[in-house]
Amino acid sequence: ESELGILDLIQVFVETLDKCFENVCELDLIYHSDNVHYILDEIVQGGLVLETNMHSILTAINDCKKLDQASLNMSLKDSRAKRV
């Protein structure tokens with residue numbers, strides 16, 4: 001890996017964090033570390049850079065958020081059905 005490649009990787013990571021958290025700060029990194037790790041996993045896996053296209057990364061993250069929301073909604077429906 002070249003120095004320019006590493007700088008590009010860092011810039012893509014920071015810009016993606018900024019898009020996801022809307023003006024990211026240190027507290028976002030602390031309180032949402034699971035999201036930060038997921039974003040980093042979308043970019044790098046096993047020491048290899050997989051993706052540097054921010055649009056593709058954001059699409060994957062948004063898809064994951066939709067799945068999490070759908071899963072939460074289903075579990076809420078199940079818990080309500082058990083009460084009745």
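Sequential numbering from 1 along the given sequence is applied to the chain's residues.
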Distance, nearest 0.5 Å, that separates CG of Asp68 from CG of Asp63
11.0 Å

What pairs with Glu51 under side chain to side chain donor-acceptor pair (under 3.5 Å), at least two apart in sequence or on another chain?
none

side-chain contact (heavy atoms from CB on, under 4.5 Å) filter on Leu29, not counting sequence neighbours, yields Leu17, Val24, Val36

Of all heavy-atom pairs between Glu42 and Ile57, which one has the smallest distance, and what is that distance?
CB-CG2, 4.2 Å

Provide the full list of ring pair (Phe, Tyr, Trp, His ring centres under 6.0 Å) pairs with a residue in residues 15-54, sequence neighbours left out, each pair given once.
Phe21-His32

Nearest-0.5 Å distance, OG1 of residue Thr59 to CG of residue Asn53
8.0 Å

Would you mind listing the cluster partners of Met54? Hydrophobic ones only (ILVMFWY), side-chain contacts under 4.5 Å, chaining allowed.
Leu58

Rounded to the nearest 0.5 Å, the SG atom of Cys64 sits from the CD1 atom of Ile39 at a distance of 10.0 Å

The criterion is side chain to side chain donor-acceptor pair (under 3.5 Å); which residues satisfy it with Gln69, sequence neighbours excluded?
Asn73

How would you list all residue pairs meeting side-chain hydrogen bond (donor to acceptor under 3.5 Å, both in side chains) that involve residues 5-26, not counting sequence neighbours?
Gln11-Glu15

For Lys65 versus Cys20, what's the shortest heavy-atom pair and its separation?
NZ-O, 4.3 Å

Any donor and acceptor pair, going by atom type alone, linking the side chain of Asp28 with main-chain N or O of Cys25 inside 3.5 Å?
yes

Are the side chains of Val44 and Leu50 in touch, meaning some heavy atoms are under 4.5 Å apart?
no

Can you list everything that forms a side-chain contact (heavy atoms from CB on, under 4.5 Å) with Ile10? Sequence neighbours excluded, please.
Ile6, Val14

